[in-house]
Asks: 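Quick one: structure below, then a few questions.
Order of listing sets the numbers, starting from 1, for every ligand and every atom in it. Since the model is a prediction, treat every value here as computed from it, not as a measurement.
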Amino acid sequence: MEKQNMQNRNPLKPIGAPSAALALFTCLAALLLAASPACAKIKVAASLTDLASIASYIGGDEVEVFSIAKANSNPHFVEVLPSYMIKVSRVAIYLKAGLALDQWADAIVEGSRNNKLDVVDCSGGVAVMDKPDGKVDASMGDVHPQGNPHYWLDPANGPVIAEHVREALTKADPGHAALFQANAKRFREESDKKRAEWQARLAPLQGTAVVTYHSSWVYFAKAYDLRIVGMVEPFPGIPPTAKHLQELVDRIKSQHAKILIQEPYYGDADPKFLERETGIKVYRFTPSCEGIGPGDFFKHFEDITSGLAKAGG
Ligand SMILES: [Zn+2]
């Protein structure tokens, strides 16, 4: 009798099964929690690889980043594909270049129907060059209506972009504010160190006369004291006439320009003509960095400065 009572009162017996389920649940929950840092990564889309690379640097393991434009595509003209809208519908942050460069991004953002999306214009705080004085007329080129938007090609603007990224990431994930802060500080320090190296590397070219195809390189030229004496395009986005090219030949000769910087997506015919007529040497560089990893923004300048340094030697 007593033995049976003992059995009935055994507290383990009735709650045994639920207890096992609870243990399993706890275990699963722990597994889910352990896996959550990977699941909780902040998804970031960027118009340009340069902005994406900086986001990778500041966000570290806490972000998942992709870029819409490729390194060697003309950043003014990107085809708006439905697949981009689908990708952007799943991200928390969209990094725009701004200054009317990536107006195509607006269509992607709108098409994504992502109400929670934080759209960040990375050009805020940049000292904008070539701001139009008066009314912008299409005949004067219509791709730089708010001033020159190629600001990421001055590496000093890297930390400006990084600060926008840090702010947006902190807003999206305040728990990692200290990490983003530390990475932004590291980015500034690395940027200062590398900029001094690039400055030294291009010092022999200071004051050198150069020609560019499009006006993508005004920030870069200012940073390294290169003198842009002419452009293949008479106005941004406007192809050259024979008359303009002839005038450019005269200018290249009179200014002793030895370097022509051209993006790979422009045709070779006009630069080759100038090369033949004047002996100017064509250097081809993509306007954006190849990869979107943390070091790629810096590597791009490493490549450009190394490439151009050969002209000084
Ligand atoms: Zn442009």
Asks: Considering residues at least two apart in sequence or located in another chain, which fulfil the salt bridge (Lys or Arg N to Asp or Glu O under 4.0 Å) criterion with Glu275?
Replies: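 In terms of salt bridge (Lys or Arg N to Asp or Glu O under 4.0 Å), with neighbours along the sequence ignored, Glu275 is linked to no residue.
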Asks: Could you check Asp118 against Lys171 for salt bridge (charged side-chain N to carboxylate O under 4.0 Å, His left out), going step by step and ending with a plain yes or no?
Replies: CA-CA 9 Å; Asp118 184 12; Lys171 205 157 81 179; 3.5 Å; yes
Asks: Hey, does the Lys NZ or Arg CZ of Lys281 hover above the aromatic six-ring of Tyr283, less than 6.0 Å from the centre and inside 45° of the axis?
Replies: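 The answer is yes, since Lys281 meets both limits relative to Tyr283.
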Asks: Under 2.8 Å from the Zn ion (ligand 1), how many protein N/O/S atoms do you get? Just the number, please.
Replies: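 Considering protein N, O and S only, the Zn ion (ligand 1) has 4 within range.
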Asks: Quick one: does Ser216's side chain get under 4.5 Å of Glu263's, heavy atoms only?
Replies: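 Yes, side chains in contact.
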Asks: Do His300 and Asp296 come close enough that some side-chain heavy atom pair is under 4.5 Å?
Replies: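 Side-chain contact under 4.5 Å: no.
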Asks: What I want to find out is whether Asp173 reaches Lys41 closely enough, with some N-O distance under 4.0 Å, to be called a salt bridge.
Replies: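 No, no charged N to carboxylate O under 4.0 Å.
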